[in-house]
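Comments concern the structure below.
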Amino acid sequence: MKITPRVKKILAAYESDNPGTKSNLARILMNGRLGGTGKLVILPVDQGFEHGPARSFAPNPPGYEPHYHWQLAVDAGLSAFAAPLGMIEDGADTFAGAVPTILKVNSANSLNGEKDAPVQAITAGVQDALRLGCSAIGYTIYPGSASAYDMMNDLRELTAEAKDAGLAVVVWSYPRGQYVSKEGETAFDIIAYGAHMAALMGAHIIKVKLPTDVLEPGEAKKVYEAQNIPRATLTQRVSHIVQSCFGGRRIVVFSGGAKKGEDALYEEAKAIRDGGGNGSIVGRNAFQRPLPEANNLLSKLIDIYKGKDE
Ligand code: FBP
């Protein structure tokens, strides 16, 4: 596999990692239509766990079958496919080596809707990721939850084990729970804080929601205002999130969210690109559309990250 100078530069920022972890990061960064560009489009399909099967797959029923998602990730030329254990196991043989995989090792479910102390169960481990040929483990933290410290303690152990085994670590940092308001979950300062903590915990790839221009009341708000940290445009906000991840030395991708119009998604991707973000991790907006539409949408997103949209 040829490694481009751009990808070499990204890998060089991960100074402590062993060759196994760097090779796995390279597999993701060199795969698919964006391979070598430093940009990523990843397909995450853990919504069946998080929201239930009907909410996730009824809008496009072929999605009940795991192979559908594997095939979509391969055909659309994506950077990686992320899913919980059962879904990765289901296509592990048919799709062995076809696309880098990220094994989601913890998951929440909406039957256990704990408002103050949201938490996730650990549903897979590093040995599973190795057995299944995954490039990385994926783990969610909920900064602001009364359970956040427990989640971080578990992440610390899993990260150490994954790095020893030569895997990469992807952290979904989704603020929520007792110590953040509903609006605060996507507030500018809170998203930056959550992303920064993921970097501090040793994540190689950090996944956050796109921030609004809201600031959560508190000490940070005063600083944001006093320092005039720009937040009027989405591009400015993305740029600050990237800055909060070690000044751009960590890979940051932004989630797609609930299904919305294509144009809104393209505008977001342009802002992510122009703000220096590394890309998109898009689930529902891809797999809840009929296959030809999904392929077309993913292809356009990739074109945007390649700068081919102008
Ligand atoms: P989407 O593109 O479908 O938003 O997927 C991104 C994601 O992080 C999934 O991995 C996860 O299941 C979902 O969002 C969780 O979102 P929330 O916790 O807000 O329900």
Side-chain angles (χ1 to χ4, degrees), residues 39-42 44 50 115-116 118 139-149 151-152 155 170-201 203-261 263-285 301 304-305:
K39 301 292 181 194
L40 302 168
V41 174
I42 297 171
E50 306 263 332
K115 297 239 173 325
D116 287 343
Y139 185 94
T140 298
I141 53 172
Y142 291 144
S145 165
S147 299
Y149 287 153
M151 297 182 93
M152 288 178 187
L155 173 59
V170 184
V171 172
W172 279 230
S173 187
Y174 281 2
R176 68 184 59 175
Q178 187 173 353
Y179 303 110
V180 281
S181 68
K182 193 69 201 157
E183 237 190 354
E185 291 179 3
T186 48
F188 184 43
D189 56 316
I190 302 285
I191 293 285
Y193 199 166
H196 186 68
M197 283 193 280
L200 289 173
M201 293 228 39
H204 299 102
I205 301 179
I206 296 157
K207 175 191 174 183
V208 289
K209 297 194 180 192
L210 280 165
T212 63
D213 62 359
V214 167
L215 294 171
E216 183 85 325
E219 290 306 309
K221 182 173 191 223
K222 294 178 200 158
V223 175
Y224 274 82
E225 286 171 346
Q227 300 297 327
N228 264 323
I229 299 174
R231 63 176 199 283
T233 68
L234 189 54
T235 302
Q236 289 172 335
R237 300 197 287 275
V238 166
S239 165
H240 176 62
I241 304 306
V242 171
Q243 178 184 50
S244 301
C245 295
F246 298 173
R249 286 171 64 81
R250 292 295 172 267
I251 297 165
V252 190
V253 293
F254 294 85
S255 59
K259 192 178 163 203
K260 59 190 131 195
D263 288 344
L265 215 64
Y266 301 148
E267 288 312 306
E268 288 177 0
K270 286 179 199 168
I272 295 167
R273 177 197 64 195
D274 297 344
N278 295 87
S280 298
I281 175 152
V282 179
R284 284 163 289 181
N285 274 287
L301 281 182
I304 289 170
Y305 285 117

#### Entry: Any side-chain heavy-atom pair of I190 and E185 under 4.5 Å
no
### Task
Identify the two heavy atoms, one from P143 and one from M197, that lie closest to each other, and give their separation to 0.1 Å.
CB-CE, 3.6 Å
#### Entry: Y179 OH: over 12 foreign heavy atoms closer than 6.0 Å
no
### Message
Just verifying a value: how many Å separate M201 CE and I206 CD1, rounded to the nearest 0.5 Å?
### Response
11.5 Å
### Message
Less than 4.5 Å apart, side chain to side chain, heavy atoms only: is that true for P118 and Y174?
### Response
no
### Query
Under 4.0 Å between a Lys/Arg side-chain N and an Asp/Glu carboxylate O for R273 and E268?
no
### Summary
Value for CD1 (I229) from CG (D189), rounded to nearest 0.5 Å, stands at 9.5 Å
### Message
Can you tell me how far apart CD1 (I141) and OG (S147) are? Round to the nearest 0.5 Å.
### Response
13.0 Å
### Query
Any side-chain heavy-atom pair from R250 and H204 closer than 4.5 angstrom?
no
### Audit row: L210, T186, side-chain contact (heavy atoms from CB on, under 4.5 Å) steps and yes/no
CA-CA 7 Å; L210 280 165; T186 48; over 6 Å; no
#### Entry: Atom of R237, atom of T212 and distance for their closest heavy-atom approach
CD-O, 3.2 Å
### Message
Under a 3.5 Å threshold, yes or no: a donor from one side chain and an acceptor from the other, between S280 and Y305?
### Response
yes
### Task
State whether the side chain of Q227 and the backbone N or O of V223 hold a donor-acceptor pair below 3.5 Å, judged by distance alone.
no
### Message
Using the ring pair (Phe, Tyr, Trp, His ring centres under 6.0 Å) criterion, which residues pair with Y224? Sequence neighbours excluded.
### Response
F188, H240
### Query
Less than 4.5 Å apart, any side-chain heavy atom of V282 and any of L301?
yes
#### Entry: Atom of E216, atom of G184 and distance for their closest heavy-atom approach
OE1-CA, 3.3 Å
### Distance, nearest 0.5 Å, that separates OG1 of T233 from CG of D274
9.5 Å
### Summary
The reported gap from CZ in R176 to OG1 in T140 (rounded to nearest 0.5 angstrom) is 8.5 Å
#### Entry: SB check E225 K222 (cutoff 4.0 Å)
no
### Query
Do I241 and P211 come within less than 4.5 Å of each other through their side chains, counting heavy atoms only?
yes
### Query
K260 versus L265: any side-chain heavy-atom pair under 4.5 Å?
yes
### Query
How about S145 and Q178: does a side-chain donor come under 3.5 Å of a side-chain acceptor?
no
### Query
What's the shortest heavy-atom distance between S173 and G194, and which atoms?
OG-O, 2.9 Å
### Summary
In terms of heavy-atom contacts, V208 and A195 come closest through CG1-CB, 3.9 Å
### Query
I251 versus L40: any side-chain heavy-atom pair under 4.5 Å?
yes
### Query
Rounded to the nearest 0.5 Å, what separation is found between the OG atom of S255 and the NZ atom of K207?
5.0 Å
### Query
Can you tell if the side chain of F254 reaches within under 4.5 Å of the side chain of I281, non-hydrogen atoms only?
no
### Message
Could you walk me through whether V214 and R231 satisfy the side-chain contact (heavy atoms from CB on, under 4.5 Å) test, starting with their C-alpha distance in whole Å, then the side-chain angles of each, then the deciding distance to 0.1 Å, before giving a yes or no?
### Response
CA-CA 9 Å; V214 167; R231 63 176 199 283; over 6 Å; no
### Query
Is the backbone N or O of C245 less than 3.5 Å from a side-chain atom of H196, with the two atoms forming a donor-acceptor pair by type?
no
### Task
Taking all non-hydrogen atoms of both residues into account, name the closest pair between A198 and V171 and its distance.
CB-CG1, 3.8 Å
